[in-house]
Amino acid sequence: VVDNGKKDGKNFSKEEIENLTQKAKQISDDYGIDVVIHTTPNAFRMSNEQYTGDFYYYNGYGLGPDFDGVILCILCDYGSFYIYPFGKVAETLQDTNLKRLKGHLEDKLYYYDMAETFLDELEHMEKTGRIPRDAGQWLFCAIVSVLVGVFVGKKFLNKARKNMVTVRSV
């Protein structure tokens, strides 16, 4: 955890840095990837992608020949963040997983919550190969499923009614 986001470098408390560092080290040891959380005031006239990638490479992060790992760069002046995966993490953290991970981080108000969620979701992805859907995505899927069920059920019910023969009394 590299905390440079403010002039006094205090986005995280000492305890928060220790907790995040310990969790990142555990993920690194368990899955053979380097996990970096970096706060910075801005990207210093570079694109977020270029700054984040340069910070990762030029500070010697990454494991193995492919620099396996991931960096979460929090740009404090803009209230934004950038995630850059490398090596084998880049193979798993592609479009859908990256979109879900960003969705989980966007609503976090505090940098510590964002970093902690990043580590939790990253660990889940390394275990299962997927970032889980958030509650909104599950709700959307449930609503679509119900609507499809109602539509299909109604169609078959109408078809059954047309084919029904009523018994007439003599």
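Residues: numbered from 1 along the sequence shown.
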Inset, instruction - Please check if the side chain of Asn11 supplies one atom and the backbone of Tyr111 the other of a donor-acceptor pair under 3.5 Å. - result: no
Legend entry - Side-chain donor/acceptor of Ser28 to backbone N/O of Ala24, under 3.5 Å: no
Inset, instruction - Could you check if a side-chain atom of Asp113 sits within less than 4.5 angstrom of a side-chain atom of Leu109, using non-hydrogen atoms only? - result: no
Inset, instruction - Measure the spacing between NZ of Lys14 and CD of Glu18 and express it to the nearest 0.5 Å. - result: 7.0 Å
Legend entry - Inter-residue atom distance Ile27.CD1 - Lys127.NZ, 0.5 Å rounding: 9.0 Å
Inset, instruction - Could you tell me the separation between the CG atom of Leu119 and the CG atom of Leu72, rounded to the nearest 0.5 Å? - result: 8.0 Å
Inset, instruction - Taking side chain to side chain contact (heavy atoms under 4.5 Å, CB included) as the test, write out the residues that go with Thr117, two or more places apart. - result: His104, Leu105, Lys108, Glu121
Legend entry - Partners passing ring-ring contact (aromatic ring centres under 6.0 Å, His included) against Phe44 (at least two apart in sequence or in another chain): Tyr51
Listing, residues 79-94 side-chain donor-acceptor contacts under 3.5 Å, not counting sequence neighbours, or none:
{"from": "Lys88", "atom 1": "NZ", "to": "Tyr31", "atom 2": "O", "distance (Å)": "2.9"}
{"from": "Gln94", "atom 1": "NE2", "to": "Glu91", "atom 2": "O", "distance (Å)": "3.3"}

Inset, instruction - Check side chain to side chain contact (heavy atoms under 4.5 Å, CB included) between Arg161 and all other residues, then give those that pass, not counting sequence neighbours. - result: Leu157, Asn158
Legend entry - Results of ring-ring contact (aromatic ring centres under 6.0 Å, His included) for Tyr112 - residues two or more places apart only: none
Legend entry - Short side-chain donor-acceptor distance under 3.5 Å, Asp30 and Gln26: yes
Inset, instruction - May I ask you to test the Cys73-Tyr56 pair for a side-chain heavy-atom distance under 4.5 Å? - result: no
Inset, instruction - Please name the pair of heavy atoms, one in Ile33 and one in Leu122, separated by the smallest distance, quoted to 0.1 Å. - result: CD1-CD2, 4.3 Å
Legend entry - Point-to-point distance, once rounded to the nearest 0.5 Å, from NZ of Lys102 to CG of Leu98: 4.5 Å
Inset, instruction - Please name the pair of heavy atoms, one in Ser47 and one in Ala43, separated by the smallest distance, quoted to 0.1 Å. - result: O-CB, 4.2 Å
Legend entry - side-chain contact (heavy atoms from CB on, under 4.5 Å) between Thr40 and His38, intermediate numbers included: CA-CA 7 Å; Thr40 182; His38 170 58; 3.6 Å; yes
Legend entry - Centroid separation Tyr57 to Phe67 less than 6.0 Å: yes
Legend entry - Any donor-acceptor pair under 3.5 Å from Asp34 side chain to Gly62 backbone: yes
Legend entry - Arg130 side chain to Met125 backbone, donor-acceptor under 3.5 Å: no
Inset, instruction - Walk me through it: do Val152 and Val148 pass the test side-chain contact (heavy atoms from CB on, under 4.5 Å)? - result: CA-CA 6 Å; Val152 170; Val148 167; 4.2 Å; yes
Inset, instruction - Under the side chain to side chain contact (heavy atoms under 4.5 Å, CB included) rule, collect the residues that match up with Asp54, sequence neighbours excluded. - result: Met46, Gln50, Tyr58
Legend entry - Linked, directly or transitively: Leu75 and Phe55 (ILVMFWY side chains, under 4.5 Å): no
Inset, instruction - Could you walk me through whether Ile71 and Tyr61 pass side-chain contact (heavy atoms from CB on, under 4.5 Å), step by step? - result: CA-CA 9 Å; Ile71 182 172; Tyr61 295 112; 5.6 Å; no
Inset, instruction - Can you measure from OG1 (Thr21) to CG (Asn19) and round to the nearest 0.5 angstrom? - result: 8.5 Å
Inset, instruction - Please confirm whether the backbone N or O of Gly64 pairs with a side-chain atom of Asp68, one donor and one acceptor, at under 3.5 Å? - result: no
Inset, instruction - Determine, for Asp29 against Lys25, whether the closest basic-nitrogen to carboxylate-oxygen distance falls under 4.0 angstrom. - result: yes
Legend entry - side-chain contact (heavy atoms from CB on, under 4.5 Å) evaluation trace for Glu123 with Lys23: CA-CA 9 Å; Glu123 184 175 33; Lys23 177 112 177 162; 3.1 Å; yes
Inset, instruction - To the nearest 0.5 angstrom, please state how far the CD atom of Glu16 sits from the CD1 atom of Ile37. - result: 11.0 Å
